[in-house]
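Numbered from 1 within each chain, the chains take letters A, B, ... in sequence-line order.
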Number of protein chains: 2
Amino acid sequence: MGVTKTEIFTEQQNRIADLAKAFSHPARVAILQLLISRKACVCGDLVDELELAQATVSQHLKELKRIGIIHGEINPPRVCYCINPVVWSEAQKTFGSLLDTFAPTESCCN
Amino acid sequence: MGVTKTEIFTEQQNRIADLAKAFSHPARVAILQLLISRKACVCGDLVDELELAQATVSQHLKELKRIGIIHGEINPPRVCYCINPVVWSEAQKTFGSLLDTFAPTESCCN
DNA sequence: GTAGTCAATCGTAAAGATACGATAGAATTT
DNA sequence: AAATTCTATCGTATCTTTACGATTGACTAC
């Protein structure tokens with residue numbers, strides 16, 4: 001997305017943004033939900049469930065792997081994708097504490 | 001981002017993706033954190049804190065308003081931006097339940 | 001070995017995102 | 001009224017994202 005000026009933000013802010021990217025596309029949300037519901041999955045199955053081309057699904061999986069929230073193991077004859085529990089719990093903590101810094105009952109400027 | 005095929009996903013998946021977009025850029029994370037820490041804020045102040053041009057900050061604010069997570073009221077001589085408590089608690093619930101659908105202790109395919 | 005399957009990668013088109021300078025609009029201050 | 005202040009919007013350059021067909025590489029099955 002154009003050029004993000006990563007260097008002017010804190011490491012925490014950049015990490016939050018990166019983790020949020022995992023959820024910022026409906027296809028990735030769908031993939032994560034599928035992986036969770038099945039405990040394990042392969043790309044071929046995912047292509048059947050999502051109405052997206054194999055190359056597109058693979059690209060989304062690559063992005064999720066870059067973020068670290070899933071990992072894929074070559075487990076012939078298939079590749080086995082799973083949620084990475086470490087990064088998932090990082091996401092739980094990160095979004096949990098971020099979302100808790102504001103209590104919706106607080107009155108603001110209105 | 002190219003053309004997202006919104007129509008092939010559920011409404012819930014699209015909403016999650018949209019809410020996640022609020023947090024998927026470090027500048028927007030920084031803006032939200034500033035709004036929270038001050039309870040109320042204006043664009044001018046934000047421009048001073050972030051090393052971004054006024055037009056850029058305004059653009060991020062517009063995106064946050066589109067998502068609904070903040071709202072701005074013209075309150076001369078300033079515009080007062082606040083977190084929208086309704087959407088914020090929607091985000092709390094949405095991410096909370098999504099992240100809770102997977103328990104990191106579960107063993108997966110490894 | 002040959003054919004078939006599965007997934008990653010390449011190449012590419014189209015569209016969205018990011019950033020900024022410049023301008024415009026609305027209100028206050030002088 | 002003129003100058004000032006603040007923010008939204010316009011216009012634009014550049015980079016990223018999304019999506020897909022085609023190809024490649026690796027393994028399985030025949």
Taking the side chain as everything from C-beta on, heavy atoms only, tell me whether A:Phe9 gets closer than 4.5 Å to B:Leu52. yes
A side-chain contact here means heavy atoms from C-beta on lying under 4.5 Å apart; do B:Gln12 and A:Gln33 qualify? yes
Is the distance from OP1 or OP2 of D:dC20 to the nearest side-chain N or O of A:Thr56 less than 4.0 Å? yes
Against the side chain of B:Gln54, the closest entry in D:dT7, C:dG21, D:dA22 is D:dT7
| said: OP1 or OP2 of D:dT17 versus the side-chain N and O atoms of A:His60: is any pair under 4.0 Å? | reply: no
Would you say the side chain of A:Gln59 and the base of D:dA19 hold a donor-acceptor pair, judged only by whether the two atoms sit under 3.5 Å apart?
yes
Winner on side-chain proximity to A:Thr4, out of C:dA15, C:dT18, D:dA19, is C:dT18
Heavy-atom nearest nucleotide on DNA chain C taken for A:Leu61 and for A:Phe9; more 5' hit belongs to A:Leu61
From the list B:Ile70, B:Ile83, B:Val87, side chain to side chain contact (heavy atoms under 4.5 Å, CB included) with B:Leu64 holds only for B:Ile70
5'-most contact on DNA chain C (nearest-nucleotide basis), A:Val57 vs A:Lys5, goes to A:Val57
Describe, in one word, how the ring planes of B:His60 and B:His25 are oriented to each other, choosing from parallel (under 30°), tilted (30 to 60°) and perpendicular (over 60°). tilted
Whole-Å distance, B:Ile31 CD1 to C:dA19 C1', equals 13 Å
Here the distance between atom P of D:dT18 and atom CG of B:Asn14, to the nearest Å, is 13 Å
- [ ] Quick one: label A:Glu63 by what it contacts on the DNA or RNA (base, sugar-phosphate, nothing), any heavy atom closer than 4.0 Å.
- [x] nothing
Looking only at side-chain N and O atoms, does B:Gln59 offer a donor or acceptor that is under 3.5 Å from a partner on B:Thr56? no
Residue pair A:Leu52/B:Gly44 against DNA chain D: nearer the 5' end by closest nucleotide is B:Gly44
Closest to the 5' end of DNA chain D, once A:Ala55 and B:Lys65 are matched to their nearest nucleotides, is B:Lys65
- prompt: Would one find a side-chain N or O of A:Lys21 under 4.0 angstrom from OP1 or OP2 of D:dT16?
  reply: no
request  = May I ask you to verify if any side-chain N or O of B:Lys62 is less than 4.0 angstrom from the OP1 or OP2 atom of D:dT7?
outcome  = no
Whole-Å distance, B:Ile8 CD1 to D:dT18 P, equals 13 Å
Notebook entry, point to check: So what does B:Val42 touch, heavy atoms closer than 4.0 Å: a base, only the sugar-phosphate, or nothing?
Noted result: sugar-phosphate
Between CZ of A:Arg66 and C1' of C:dT9 the distance, given in whole Å, is 17 Å
